[in-house]
Amino acid sequence: MGARRVVLLADLDYFYSQAEELRNPSMRGKPVVVCVYSGRTEESGVVATANYEARKYGVRSGMPIALAKKRLSGADPVFLPVDFPYYKEVSERVIGIMKEYSDQLEQVGLDEAYLDVSNRVEDFAEAEQLAKEIKRRVLQEAGLKLTIGVGPNKIIAKMASDAAKPDGLMVIRPENVEEFISPLPVDKIPGVGKKTAERLERMGIKTIKDLAQFDPVRLVDEFGESLGAHLHAASRGEDEDPVRGRAEAGSMSRIITLKENTKDLKAVLPKVDEICEEIHERAVREGVLFRTIGIIAITSDLGIKTRTKSLPAPTDDLGTLKRESSELVKKFLQSTDKEIRRIGVHISDFTRREKGQRTLSGYI
DNA sequence: TAAGTTAATTCCC
DNA sequence: TTAGGGAATTAACTTA
Ligand SMILES: Nc1ncnc2c1ncn2[C@@H]1O[C@H](COP(=O)(O)OP(=O)(O)OP(=O)(O)O)[C@@H](O)[C@H]1O
Ligand SMILES: [Mg+2]
């Protein structure tokens, strides 16, 4: 029961930029920056990712495009818009190769996958050889570099990969877990983001060593049963979370940036209608019915607000989608004084539309 | 009081 | 100071 595991985390290096270099190899050696343009002004938007040539100049994911341009002036950079369908295609080729190495594969986003190889290897030395083979094959057959972390669980595999990138391989055996994690800052623990790291810092906890020495009862007190226990276990390098395949896509969303911030419902509703039409078209094309409708509003202070409503029955009716989305936006604007910067619509709680299935359409 | 449902948030890529 | 996807937690409410 709960036999010791060998878990591997494979993470493609600077993925979107690397995919672009694959499509156009003449860009290799130059800084390549993949951008999400918002359309508000000519250059508004952020960097999705940048290759390591660009990172040398301090360019990072999430950085405004204008700042990246400034940092790269004179460095002969290439700026490209994101192309999700292409990255998805490239990703599928890579995941296909990895699936040959374990039937326990958990994909995370487009560029990462956990593999539980406990049944395929005898020890960590063998896992290291397997990881080398995966790296070799992904490079030969898909043309991409990646980093692999190997450990006794998902958290350690992930932290090993983070420490080894780019084009790296790091194996952390159980007996080396403590020395590996102790000196690292707490925000290197997967699941500890900005908010949690700030709270820990206020409690005087900066490194994982600090966290390991802290009274677990007080952690649970502070952070609740789940996060408190997770923090304590992680500080000791322990993590039982299994590698498991993820379900098919269960939601669709589309969010846009408005030309100008507004609190005027009449200015937002036409956009909401357009977004609903796009999402509806995709839902019908993919044959899904949705039972939950939501809106996402990013306010001028960049706060993220969501409002959702569950329907009495699944539907794919456009009128219902538009009515409910509009209603949620209207109620949101009535509940606040803030201006809206970005607006989006979200559908979820899918069931597949079976042949000839009918729905309660257009209910009120 | 327990169990299910709904809505909002936090965190991940 | 972006987009689109996912998992998990938690609080509040409903129902049995
Ligand atoms: N803030 C972001 N906004 C939009 N897309 C992002 C953002 N951060 C990461 N991504 C996209 O997700 C992909 C995977 O993210 P990840 O954190 O693995 O970084 P990466 O670009 O692959 O770099 P590396 O893994 O070498 O550090 C990236 O290629 C990237 O383009
Ligand atoms: Mg990556």
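Everything numeric here is computed off the predicted structure, so don't read it as measured data. Naming convention: chains lettered A, B, ... in sequence-line order (proteins, then strands); numbering from 1 in each chain.
Looking at heavy atoms from C-beta onward, A:Lys330 lies in side-chain contact with A:Gln334 at the 4.5 angstrom threshold. Taking 4.5 Å as the limit, every side-chain heavy atom of A:Phe15 sits out of range of all side-chain heavy atoms of A:Glu112.
Among the atoms of the strands shown, only primed sugar atoms or phosphate atoms (P, OP1, OP2) are found under 4.0 Å from some heavy atom of A:Thr257. Residue A:Lys158 is in sugar-phosphate contact alone, with no base atom involved, counting any heavy-atom pair closer than 4.0 Å across all strands shown. At the heavy-atom level, A:Gly250 lies under 4.0 Å from the strands shown only through sugar-phosphate atoms. Residue A:Leu302 is in base contact, counting any heavy-atom pair closer than 4.0 Å across all strands shown.
Residue A:Ser310 places at least one side-chain N or O closer than 4.0 Å to OP1 or OP2 of B:dA7. Residue A:Ser253 places at least one side-chain N or O closer than 4.0 Å to OP1 or OP2 of C:dG5. Considering only side-chain N and O atoms, A:Arg254 lies nowhere under 4.0 angstrom from the phosphate OP1 or OP2 of C:dA3. The shortest distance between the side-chain N/O atoms of A:Arg244 and the OP1/OP2 oxygens of C:dA8 is below 4.0 Å.
Of the options A:Glu274, A:Glu327, A:Glu277, a salt bridge (charged side-chain N to carboxylate O under 4.0 Å, His left out) to A:Lys322 is made by A:Glu277 and by none of the others.
When distances run from any side-chain atom of A:Arg282 to the nucleotides C:dG5, C:dG4, C:dT1, the shortest one goes to C:dG5. Nearest to the side chain of A:Ser38, among C:dT1, C:dT2, B:dC13, sits C:dT2. Counting only heavy atoms from C-beta on, A:Met252 has its side chain closest to C:dG5 among B:dA7, C:dG5, B:dC13. You'll find that the side chain of A:Ser251 is closest to C:dG6, out of C:dA3, B:dA8, C:dG6.
In this structure, A:Ile343 places its CD1 atom 12 Å from P of C:dA3, rounding to the nearest Å. Atom NZ of A:Lys88 and atom C1' of C:dA3 are 15 Å apart (whole Å). Separating the NE2 atom of A:His346 from the P atom of C:dA3 is a distance of 15 Å, rounded to the nearest angstrom. With rounding to whole Å, A:Tyr37 atom OH is found 14 Å from C:dA3 atom P. Straight-line distance from the CE atom of A:Met159 to the P atom of B:dC13: 12 Å, rounded to whole Å. A:Tyr114 places its OH atom 13 Å from the C1' atom of C:dG6, with the value rounded to the nearest Å. The distance from atom CG of A:Asp349 to atom C1' of B:dA8 is 16 Å, rounded to the nearest whole Å. To the nearest angstrom, C1' of B:dT6 lies 15 Å from CD of A:Glu324.
A salt bridge between A:Glu222 and A:Arg218 is absent, with no side-chain N of the basic residue lying under 4.0 Å from a carboxylate O of the acidic one. No salt bridge links A:Asp13 with A:Lys145; every basic N to acidic carboxylate O contact stays at or beyond 4.0 Å. Ion pairing between A:Lys195 and A:Glu198 fails under the 4.0 Å rule for side-chain N and carboxylate O. Between A:Arg137 and A:Glu133, no side-chain nitrogen of the basic residue sits less than 4.0 Å from a carboxylate oxygen of the acidic one, so the salt-bridge criterion is not met. Between A:Lys188 and A:Asp162, no side-chain nitrogen of the basic residue sits less than 4.0 Å from a carboxylate oxygen of the acidic one, so the salt-bridge criterion is not met.
No side-chain donor from either of A:Thr292 and A:Thr308 sits under 3.5 Å from a side-chain acceptor of the other.
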Strictly under 3.5 Å: I want the nitrogen or oxygen pairs between protein and nucleotides 9-11 of chain B, one per line.
residue : atom : partner  : partner atom : Å
B:dC11  : OP1  : A:Thr196 : N            : 3.0
B:dC11  : OP1  : A:Thr196 : OG1          : 2.7

Review item, nucleotides 9-16 of chain C N/O atoms under 3.5 Å of protein N/O:
residue : atom : partner  : partner atom : Å
C:dT9   : OP1  : A:Ser226 : OG           : 3.0

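With sequence neighbours excluded, the residues satisfying side-chain hydrogen bond (donor to acceptor under 3.5 Å, both in side chains) with A:Asp241 are A:Lys154, A:Arg244. Applying the ring pair (Phe, Tyr, Trp, His ring centres under 6.0 Å) test to A:Phe124 and every residue at least two apart in sequence or in another chain returns nothing. Judged as a side-chain hydrogen bond (donor to acceptor under 3.5 Å, both in side chains), and not counting sequence neighbours, the contacts of A:Tyr52 are A:Arg55.
A heavy-atom distance below 4.0 Å to DNA chain B is reached by none of the residues of residues 40-48 of chain A.
Here the straight-line distance linking atom CD1 of A:Ile156 with atom CD of A:Glu238 works out to 9.5 Å at 0.5 Å rounding.
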